[in-house]
Amino acid sequence: MNLLKKIFLNDKIILALISINAVIIFLQGFPIKTIGVEAHHLFMLIDDIISFCFLVEVLVKGRHFGLREYLKPTWNKFDVALILLSLPPLVARMFIDYETANIGFLLVFRVFRVFKFFRFIQFFPQVEHIFNSIREAMRASFMVLIGFFLFVFIMSILSCYMYQNIAPEYFGDPIVSYYSMFKVFTIEGWNAIPEAIAEGGKVNLLQAFFTKLYFIIILVFGGVIGLSIVNSIFVDAMVSDNNDELEEQVGMIKEDVKKLENKVDRILTLLEEQKKSPPQI
């Protein structure tokens with residue numbers, strides 16, 4: 001047990017296992033014809049062994065720190081969840097040959113292995129602080145995000161009724177229309193949709209002008225102003241979290257300064273009293 005603790009309580013060894021596993025899963029992405037059948041099975045075996053090692057890591061840490069204490073930090077809960085998500089491929093390989101079985105949905109087990117990549121996050125500096133800042137930023141900008149998606153929803157319904165027959169590939173139904181409007185709001189390639197409508201031959205010159213003007217207005221109010229507001233609130237919430245810590249530190253320094261001032265005042269008062277009192281013979 002002491003040997004297991006030395007191995008699985010060592011962050012450097014865990015990081016090495018995660019790195020090796022990342023390389024193995026990367027190599028498994030190549031076709032079997034390219035890497036060979038023997039190499040493919042070897043990579044699968046190494047992947048299964050590392051997954052089993054991660055499970056042992058959870059058991060060792062849970063026993064060493066105590067399961068409740070180990071699961072108190074949010075990151076440890078996230079880490080354990082990632083390890084549990086990586087276990088279905090191991091279980092599937094033990095009981096089912098899902099590579100040759102004629103059951104397509106079982107192939108999703110292979111995708112679960114990729115979740116182990118996220119374990120790299122735990123080795124980022126100040127990862128807990130980053131996650132706390134993101135959580136506070138999401139909480140602060142939640143209602144603005146809801147308003148933003150609601151605005152996209154309204155514009156997508158309006159555009160669907162306006163251009164459903166003219167450009168069915170972009171506005172054929174509300175779902176397709178929502179996706180098309182979301183692309184416009186992201187600004188990336190926003191002009192492709194109005195140009196396709198204007199150049200499709202189904203609208204006259206005036207309608208083509210109105211179409212381009214309509215999408216420009218949507219882009220300005222949604223893509224530029226809307227996204228700018230969301231970004232500013234999100235960034236402000238993350239920065240304010242840092243400011244809160246600085247304010248707490250400044251407050252502690254002020255309290256220490258007040259204590260020092262009180263001590264200095266007492267010393268000066270004692271010195272004044274000694275000067276005023278007559279010397280005793």
(message) So for atom CG, which belongs to L150, do other residues, nucleotides or ligands contribute more than 12 heavy atoms lying within a distance under 6.0 Å?
(response) yes

(request) Give the minimum heavy-atom separation between K77 and L71, together with the two atoms involved. (result) CE-O, 2.7 Å

(message) Measuring from atom CG of L9 to atom NE2 of H64, what distance do you get when rounded to the nearest 0.5 angstrom?
(response) 5.0 Å

(message) Please find the pair of heavy atoms, one from K6 and one from I13, that lie closest to each other, and give the distance.
(response) O-CD1, 4.2 Å

(request) Go through the structure and list residues passing side-chain hydrogen bond (donor to acceptor under 3.5 Å, both in side chains) with K212, not counting sequence neighbours. (result) none

(request) Output, in order, the C-alpha distance, side-chain angles, deciding distance and verdict of side chain to side chain contact (heavy atoms under 4.5 Å, CB included) for I18 and I14. (result) CA-CA 6 Å; I18 296 172; I14 299 301; 4.0 Å; yes

(message) Would you say that C160 contacts I157 through its side chain, given a criterion of any heavy-atom pair below 4.5 Å between the two side chains?
(response) no

(message) What I want to find out is whether E255 reaches K259 closely enough, with some N-O distance under 4.0 Å, to be called a salt bridge.
(response) no

(request) Return yes if some donor-acceptor pair links the side-chain N/O of Q164 with the main-chain N/O of G172 below 3.5 Å, else return no. (result) yes

(request) First locate atom CD1 of I154, then atom OG of S159, and finally report the distance between them rounded to the nearest 0.5 Å. (result) 11.5 Å

(message) So, taking the atom named CG in N21 and the one named CD in Q28, what distance separates them when rounded to the nearest 0.5 Å?
(response) 8.5 Å

(request) Hey, could you give me the OG1/CD1 distance between T211 and I216, rounded to the nearest 0.5 Å? (result) 11.0 Å

(request) Would you give the length of the straight line joining atom CZ of F149 to atom OH of Y178, rounded to the nearest 0.5 angstrom? (result) 5.5 Å

(message) Please find the pair of heavy atoms, one from L27 and one from I35, that lie closest to each other, and give the distance.
(response) O-CD1, 3.9 Å

(message) Less than 4.5 Å apart, side chain to side chain, heavy atoms only: is that true for L213 and I217?
(response) yes

(request) Check step by step if ring-ring contact (aromatic ring centres under 6.0 Å, His included) holds for Y179 and Y170. (result) CA-CA 8 Å; Y179 178 68; Y170 295 113; 9.7 Å; no

(message) Would you say that more than 12 heavy atoms from the other residues, nucleotides or ligands in this model lie under 6.0 Å from the CD of E38, or not?
(response) no

(request) Please confirm whether the backbone N or O of K258 pairs with a side-chain atom of N262, one donor and one acceptor, at under 3.5 Å? (result) yes

(message) How about CZ on F65, more than 12 heavy atoms from neighbouring residues, nucleotides or ligands closer than 6.0 Å, or not?
(response) yes

(message) Assess the residue pair L219 and F215 against the criterion (side chain to side chain contact (heavy atoms under 4.5 Å, CB included)); give the C-alpha distance rounded to whole Å, side-chain angles, the decisive distance to 0.1 Å, and a yes or no.
(response) CA-CA 6 Å; L219 175 70; F215 280 97; over 6 Å; no

(message) Quick check on the hydrophobic clustering: are Y163 and L206 connected, directly or via other members, by side-chain heavy-atom contacts under 4.5 Å?
(response) no

(message) Once rounded to the nearest 0.5 Å, what's the spacing between atom CZ of F54 and atom CD1 of I49?
(response) 12.5 Å

(message) Starting from I193, can I reach F210 by hopping between I/L/V/M/F/W/Y residues whose side chains sit under 4.5 Å apart?
(response) yes

(message) Just to verify, what does Y70 make a side-chain hydrogen bond (donor to acceptor under 3.5 Å, both in side chains) with, not counting sequence neighbours?
(response) none

(message) I'd like to check M162 versus Y214 (side-chain heavy atoms, cut-off strictly below 4.5 Å). Are they in contact?
(response) yes

(request) Would you indicate whether the side-chain heavy atoms of F8 and C53 approach each other to under 4.5 Å? (result) yes

(request) Spell out, yes or no, whether V184 and I166 are grouped together once hydrophobic residues are joined by side-chain heavy atoms under 4.5 Å, including indirect joins. (result) yes

(request) Please lay out, stage by stage, how V23 and S19 fare under the test side chain to side chain contact (heavy atoms under 4.5 Å, CB included). (result) CA-CA 6 Å; V23 174; S19 302; 5.8 Å; no

(message) Donor-acceptor pair, distance only, cut-off 3.5 Å: does the side chain of S51 make one with the backbone of D47?
(response) yes

(request) Give the minimum heavy-atom separation between A167 and I197, together with the two atoms involved. (result) CB-CG1, 3.8 Å

(message) I24 vs M44, test: side chain to side chain contact (heavy atoms under 4.5 Å, CB included). Steps then yes/no.
(response) CA-CA 8 Å; I24 292 299; M44 293 292 290; over 6 Å; no

(message) Treating E195 as the side-chain partner and A192 as the backbone partner, does any N or O pair qualify as donor plus acceptor under 3.5 Å?
(response) no

(request) Flag yes if L158 and I218 sit in one hydrophobic cluster, no otherwise; membership is Ile, Leu, Val, Met, Phe, Trp, Tyr, and two members link when side-chain heavy atoms are under 4.5 Å apart. (result) yes

(message) Counting only heavy atoms not in I175 (residues, nucleotides, ligands), do more than 12 fall under 6.0 Å from its CD1?
(response) no

(message) Please identify which of these residues, F182, F171, Y161, meets the side-chain contact (heavy atoms from CB on, under 4.5 Å) condition with S177.
(response) F171

(message) Regarding E69 and K72, does a basic nitrogen lie under 4.0 Å from an acidic carboxylate oxygen?
(response) yes

(message) What I'd like to find out is whether the side chain of E57 reaches to under 4.5 Å of the side chain of I83, using heavy atoms alone.
(response) yes

